[in-house]
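One structure below.
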Amino acid sequence: MSSDTLAKASAAPGIPEYADSLRIVPRRRLGQWAAAVAVLVLLGLAVNSVLRNDAFQWDVVADYFTTDAVLRGLWLTLWLTAVVMALGFVLGALLAAARLSANPVLRSVSWGYVWLFRSIPILVQLLLWFNIGALYPHILGVRTVDLLGPVTVAVIGLTLHEAAYAAEVVRGGILSVDRGQIEAAQALGLSRWRRWRRIVLPQAMRSIVPPAGNMLIGTLKGTSIVSVIAVQDLLYSVQLVYHRTYQVIPLLMVATVWYTVVTSVLGVGQHYLEKHYARGSERTR
């Protein structure tokens, strides 16, 4: 506001002459500042307790952090996560397409698959697949125990489980696209493939990427459950070590730190992928 405007305002009836000297004072948010200080103090105490607690044995954590056994387990965890997510989303996309089709049989089968594999806990699924030889001793003339090893069982069980959730993620992303845009593309004479590639998929990815990123991180951590069927992932590798050395806490901290590092990297990747597909929309943060 200019000085002339302030002078006129101060001369107006009902406005004190000293109005031009008034200044706006921001509202004091003492409660928020007090809460922030309290949280920081508690956080500092927690970090100090972890770092200064000798029971964590951080020197042992450093010694085992990059050992060959741990790195082999980490590699298997990353490999298993990548394979399960790729296969799970391929199968999930097919299930989503079947659920959205006009064929009532395909819709029913897709719905039944999602219902079944979301109803059974993943641990139960893995144990069932691990003991499948009790139901089918031979498959294609080969003994089941020779055909399905622990890693194969882990891939099959986790993939079938993830596909059920991926199907709903993909279906929700497709349904989030405005039907009017698809109809407009049809009116312009675009082929079905071009409609999906240029219209549906880019917009659907805005809704697919956030839950898919959460699924990826969840799958990475969920692979630790395969240790119950003796798959030497990251958790099973550190368990082998602390069963021999009895250093349980520091070895568990090795696994914890590795999981934290990898999930943090995946979170950063998810953030930039979301920004990429959010281009052109109002919500870009």
Side-chain angles (χ1 to χ4, degrees), residues 77-126 129 154-182 185 192-193 195-226 259 262-285:
T77 293
L78 296 176
W79 176 85
L80 191 59
T81 301
V83 171
V84 167
M85 284 298 295
L87 296 178
F89 262 88
V90 169
L91 181 56
L94 295 176
L95 290 169
R99 185 76 179 275
L100 296 172
S101 71
N103 190 316
V105 175
L106 293 179
R107 289 202 309 270
S108 300
V109 171
S110 176
W111 179 89
Y113 180 98
V114 173
W115 166 77
L116 179 63
F117 282 91
R118 289 199 306 182
S119 301
I120 305 174
I122 181 59
L123 178 58
V124 176
Q125 294 182 42
L126 286 176
W129 282 105
V155 171
I156 293 174
L158 292 176
T159 297
L160 296 177
H161 177 78
E162 292 299 314
Y165 291 90
E168 292 299 281
V169 169
V170 174
R171 186 174 70 92
I174 294 173
L175 292 176
S176 70
V177 179
D178 186 5
R179 181 66 186 175
Q181 298 192 38
I182 301 176
R192 185 180 182 86
W193 167 245
R195 291 198 304 268
W196 276 92
R197 185 171 60 90
R198 302 295 297 273
I199 305 297
V200 177
L201 191 58
Q203 297 184 70
M205 289 299 290
R206 295 175 184 173
S207 299
I208 291 175
V209 169
N214 290 335
M215 282 184 60
L216 176 61
I217 293 175
T219 302
L220 173 73
K221 296 184 296 182
T223 56
S224 60
I225 203 170
V226 301
Y259 281 122
V262 177
T263 53
S264 299
V265 172
L266 293 178
V268 172
Q270 177 185 347
H271 169 73
Y272 284 104
L273 194 60
E274 288 182 17
K275 288 187 63 177
H276 172 75
Y277 284 106
R279 292 180 303 177
S281 66
E282 295 181 357
R283 295 176 298 174
T284 57
R285 291 186 298 174

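On a predicted model such as this, the values are computed, not experimentally measured, just so you know.
For the residue pair Ala96 and Ala167, the shortest heavy atom distance occurs at CB-O, 3.5 Å. Here the closest non-hydrogen pair linking Ser176 and Ala204 is OG-CA, 4.4 Å. Residue Val169 comes nearest to Ala212 through the heavy atom pair CG1-N, 4.4 Å, listed as atom of the first residue, atom of the second, then distance. A pairwise comparison of heavy atoms in Tyr259 and Ser224 identifies OH-CB, 3.5 Å as the closest pair. Of all heavy-atom pairs spanning Gly88 and Ala166, the tightest one is O-CB, 3.7 Å. Nearest approach of Gln125 to Ile120, heavy atoms of both residues: NE2-O, 2.8 Å.
With rounding to the nearest 0.5 angstrom, the CG atom of Leu266 is 11.0 Å from the NZ atom of Lys221. Leu106 CG to Arg99 CZ: the interatomic distance, rounded to the nearest 0.5 Å, is 12.5 Å. For the atom pair Ile174 CD1 and Ile208 CD1, the distance stands at 6.0 Å (nearest 0.5 Å). To the nearest 0.5 Å, atom CG of residue Asn214 and atom OH of residue Tyr165 are 13.5 Å apart. With values rounded to the nearest 0.5 angstrom, Glu162 atom CD is found 7.0 Å from Ile122 atom CD1. In this structure, CE on Met85 lies 4.5 Å from CZ on Phe89, to the nearest 0.5 angstrom.
Within the 4.5 Å cutoff, the side chain of Ile217 has heavy atoms near those of the Gln270 side chain. The closest side-chain heavy-atom distance from Trp79 to Val155 is below 4.5 Å. In this structure the side chain of Leu91 never reaches within 4.5 angstrom of the side chain of Leu87, judged on heavy atoms. Leu158 is not listed as a side-chain neighbour of Thr219, based on a closest heavy-atom distance of 4.5 Å or more.
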Taking distance alone, no hydrogens or angles, what donor-acceptor pairs closer than 3.5 Å link side-chain atoms of residues 110-118 to residues at least two apart or in another chain?
residue, atom, partner, partner atom, Å
Ser110, OG, Leu95, O, 2.7
Tyr113, OH, Leu160, O, 2.9

